[in-house]
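Numbered from 1 within each chain, the chains take letters A, B, ... in sequence-line order.
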Amino acid sequence: MPRRGEAFLTSEEKRRRRGGILRQFAGWGVMAPGVILFSFFVWVPLLMNLYLSFFSTKGFNAEEFVGLGTYQELFQHPDFLTAFGNTFTYLGWSLLIGFILPIIIGLLLSEVIHFRALFRIGIYLPAAIAGLTASILFTYLFDPSSAGFLNTVLEGLGMEPILWLDDPNLVIPLIVVTMTWRGAGSTALIYLSAFAGIDRSYYEAAQIDGAGVWSRIVHITLPQIVPSMTTLFVLQIISVMQVFYEPFVMTNGGGGDRSSLSLLLLAYNFGFRDGRVDLSSACTVVLFLIILSLSAIYYLAVHLLKKRGYRV
Amino acid sequence: MPGFLKKATVLAGAAIALLSLNGCQKEDGKIHVELGMWPAAQQTSDVAMFNIWKQRFEADHPEYVIEPANYEYAQDTVAVGAMSGTLPTVFQTWFTEPSMLIEQGYIRDVTDLVKEVGYYDDMDSFMRETLEDEEGNLYGIPRDGYGFGMLLNLRSLTYYGLIEGDIDEHEYVLYDESGDPLYPTTFEELAEWAELITTNSGGDCRGTMFYSANRQGGWLFSNIAWNFGAELMTIDTGGAPHASLNEDAVVDALQYIAGLRSNGYLVEGTSFVYNDWYSNINERMAIAFCGSDVIQNAVTQGSMERNDIAFVPMPAGPGGDRYSLYGGTPFVFAENATDEEVRGALLFLEYMGRSPVMSEAQKTAMVEGKQTSLSKNEPILPSIRPWTNEEYNSYADELDEQYVNVNQEYFDDFFDSIDAMRKEEVPYEAQKMYDYLDQAVSAVLTNPNMGREEIKNQLTTLNQQFERDLSKYA
C-alpha cells in the first residue's frame, strides 16, 4: 500500500508521527552507548582479526599481505590437527555428559515436593563459583600423586591410584566433568522453567489413561521441551567449541602431549606465547567458521523439521 | 589497514594512553622513567628501599623523575602494553622471552646507550649473547645469571639414609675424606639414588621429577640430552642451522627418563611445569633440577629450611659430557622508550646495585639489598654474576662472605665449576625446539614402555618439523 503523503495526514496523525520520530531518537539515544561499545569491542576486533589473518604481523601490526599463506601454515602446523580433533572430542563428551545431565537434574527437581527451593539453590550454587576457581579446585581433586584427594580415596578402597588429568585418555572427559559440574545447575533451572510451562492437563489425561512416570516423561515432558532443548543444544555447541581456560589452568596450557589442547587454547598459544598474531587470528577465524557452520546446520535442520510439521 | 580500523585502533590507543597518564604530570620539563621492577605495595621493606634509591637518584640527577610502575611481566599482557605504548620504560622479564620480544618489536635496541654508560664491556659475554639479535644488537641488561644444577634436600636424603648428617643441627656430609663428592655426579648414580630414596621412603618420597609442559620440559631436557652426548642442532659450513633431535643420544636420554618413570622413581604425574619443583621438594622428592637463580624458592615457596639445601652441578652423561645450560634473567626496555628515558633507567641500575659501576651509590645499594633480604629472613645465597669487572666481583665476594646465610660448602662445587660447564641454549628457534622436546619427554612419561624404535620414530617426526622451522635460516 503506498504510503500516505504528509499533506494528506490529519493533524492528529502528524502529531503522532512527530512523536514517533522523537521516540525513535530517544530510543537510539538510549541504545547508542551500547551500540557503540558493542561495535568497538565486538565488531572491530572481529574484523581486525579477519584482516590480520591475511597478513604477516609484527606484534599486532599487519606487515605484508600474504593471502592465504597464514592459513596454509596453520593447516600444516603439527598442533593444529591435534587441537582440531581435541575440540570435537570436547564437544562429543560435552554432549554426552553435559547435555543430558541438566535434563535429568531438571526432571528430578521438578518431581521434588519438599525443600524444592533448597535443592534449586544447591544445584545452582556451583555456577556462582568463578570458573577459574572451579578449575583449580578440580585440579587438586585430580592430583595424580598418591597424596591427591581422589587417589587417597581410591587407596583407602584398596585400589590403584589413577593418573587422572595426566592420562591422555581421561583428560578431556574429566575437564568436561568440571565444566558440567559448574554449568549443569543453571541449565537445569532453564529446563525446570520449561517443565513448569507444560500444560498440566496433558499429565492428568495421561494419568487417567494409566501412563506411568517413564511414559509421561517420554511422551509428554520431552516433546514439550524440545524448543528449549534445541536452543540449549546449539548454545552448548558454541560454548564448548570455545573451551579455553579449563585446559589452560588444569593441564598447564594443554599438556606437553597436547592431549587437552583446544583450538582456542592453540590460538592463545600462537598469539601470546609465540607472538604469532597472524597464526592466532587465522586459528580463531577457522574456529569461527566451524561454529558458524555448525549453527547453520542446526538452523537448517530446525527449518526442515518445522516444514515437516515437527515441533522444534 | 582499512581506514576505519586504523581510526578505531588509534582511538583505542589514545583512550588507553589517556587513562595511563592519569595523575602523571609531565609538564615539569623532567624526563620521566617508569620503573617496572618497582616492588608491589605489600612488600613494604622493598618499597622503602626503592624509595631511598629513588630519592638518591633524583638528588644526583635532578633532570629525572623515577615513577614506580610495578609491572609483573605476563605473556598475555605484554603485547597489549606494547601496542598501546603503556609498557614501563624498563621491566624485568623471563629468561625465555627476549627472542620473542625482539622478534615482535616489543622491546628496543639499547646497544649504543649501554656502551655510552659504560656497562657493555663488563657484561658477561654469554649472557650478552642471549640478549642480542642476529645482528648483534643488544636488547637488555642481565639482572643475574642462572645455570642448571641439582638442588638437594639434605634433610630428606639424610632421613632416608643416602647421606650422613645431623638433621637437627642441619649438618650434613657431602664429601668424603679426600674431598670427593658423595652426591650423584653421573646420571647412573642419580638413578641409583632415585631408587634408594623411593625404596627407603616406601614411596612417600621419590628421586626427582622431569618437566614436560610449557616448553620447560624441553628446556631442561636439552641440558640432559647434551650430557648424554647429543648436539640437538648443527650448523653447516654455510652457517645454516639443522635439527638433530633424533640422534641416538637423545633416544638414550629419553629411555633413561622412561626407565625412572616405569620403575616409579619419579614423582607421580606426567605433566609438570618448572614451578612444580619447589612445591614438591620439601616432601615429595629429594632432588630437583632447577636454575641457580631460583634456589631461594625452596625456602620462600617450598617451606624448606635454608640450611637443608645444597646445590650441585648437573650430572655427567654416559660419555662423561657434563654441561650446565646457562643464561641470564634480563631487564628490558619498552620499544617506545626514548633515549633519554633509557639512559635514565640504565643510570638508575647503579642506584639499585645492579650495574658494574662501583660508585658509592652502587656499593651502598648492594649492601642495602642484602640487609633487606636479611630483615625478611630470606636465604642469601651465592649467585652467578652478570658483570665480569674485577672491582665489582671483589666487592660482591666481600658481601657474600659477610651476608651469605647458608652453608657455602653445599654450593661451592656448582659455583666453582659453572665456568667450565656452562653452555648456551641453541642459537636458533630455541623455544620451538623446547616445544618439540616437551612432546618427546611427555610421551615417555605418559608411556614409559615405549620401545627404542618408537621413541626414535617420534623424534624423527619432531625433527622433520623442527628442520622445517629452521629452513628459513638456510
Problem set entry | Atom pair CD/OH of B:Q75 and A:Y268 - distance to nearest 0.5 Å |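 Atom-to-atom, B:Q75:CD and A:Y268:OH are 6.0 Å apart.
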Exercise. Quick one: CG on A:D257 to CG on B:L445, what's the gap to the nearest 0.5 Å?
Worked result: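 So the gap between those two atoms works out to 9.5 Å.
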So with a 6.0 Å cut-off around [atom1] of [X], is the heavy-atom count from everything else above 12?
X: A:F99; atom1: CZ; answer: yes
X: A:Q72; atom1: CD; answer: no
X: A:F149; atom1: CZ; answer: no
X: A:W164; atom1: CH2; answer: yes
X: B:Q301; atom1: CD; answer: yes

Problem set entry | Charged N-O contact under 4.0 Å between A:D166 and B:R261 |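 Salt bridge: no.
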For this session: Please determine if A:R258 and B:D435 form a salt bridge, counting it only when a charged side-chain N lies under 4.0 Å from a carboxylate O.
Result: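 Yes, charged N to carboxylate O under 4.0 Å.
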Exercise. Between B:G269 and A:P144, which heavy-atom pair has the shortest distance, and what is it?
Worked result: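 Closest heavy-atom pair between B:G269 and A:P144: CA-CG, 3.7 Å.
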Exercise. Where is the tightest heavy-atom contact between B:Q465 and A:P78, given as atom of each residue plus distance?
Worked result: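 So the two residues come closest at NE2-CB, 3.2 Å.
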Non-hydrogen atoms of chain A under 4.5 Å away: do they reach the side chain of [X], the backbone, both or neither?
X: B:F272; value: backbone
X: B:A79; value: both
X: B:V273; value: both
X: B:E103; value: backbone

Exercise. Under 4.5 Å between any side-chain heavy atoms of B:R206 and A:S145, yes or no?
Worked result: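 They are not in side-chain contact.
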Exercise. Is there a side chain to side chain contact (heavy atoms under 4.5 Å, CB included) between A:V277 and B:M83 once you walk through the steps?
Worked result: CA-CA 12 Å; A:V277 172; B:M83 190 188 175; over 6 Å; no
For this session: Go through B:Q431, B:E335, B:R284 and name the one with the most non-hydrogen pairs under 4.5 angstrom from chain A.
Result: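 That would be B:R284.
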For this session: Flag the one option from B:D438, B:N447, B:N214 with the top tally of heavy-atom pairs under 4.5 Å to chain A.
Result: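 The answer is B:N214.
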Exercise. At a heavy-atom separation under 4.5 Å, does A:D79 approach chain B through its side chain, its backbone, both, or neither?
Worked result: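 Contact with chain B is through the side chain of A:D79 alone.
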For this session: Kindly indicate, with the supporting measurements, whether the criterion side chain to side chain contact (heavy atoms under 4.5 Å, CB included) is fulfilled by B:R215 and A:D274.
Result: CA-CA 11 Å; B:R215 298 178 170 180; A:D274 305 345; 2.7 Å; yes
Exercise. So which of A:G59, A:G271, A:S39 has the largest heavy-atom pair count under 4.5 angstrom toward chain B?
Worked result: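 Highest number of pairs under 4.5 Å: A:G59.
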Exercise. With no hydrogens and no angle check, is any side-chain donor or acceptor of B:E268 less than 3.5 Å from a backbone partner on A:S146?
Worked result: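 A pair under 3.5 Å: yes.
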For this session: Keeping the roles fixed (side chain from A:N252, backbone from B:S271), state whether a donor-acceptor pair exists under 3.5 Å.
Result: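 Pair found, side chain donor or acceptor close to backbone of B:S271.
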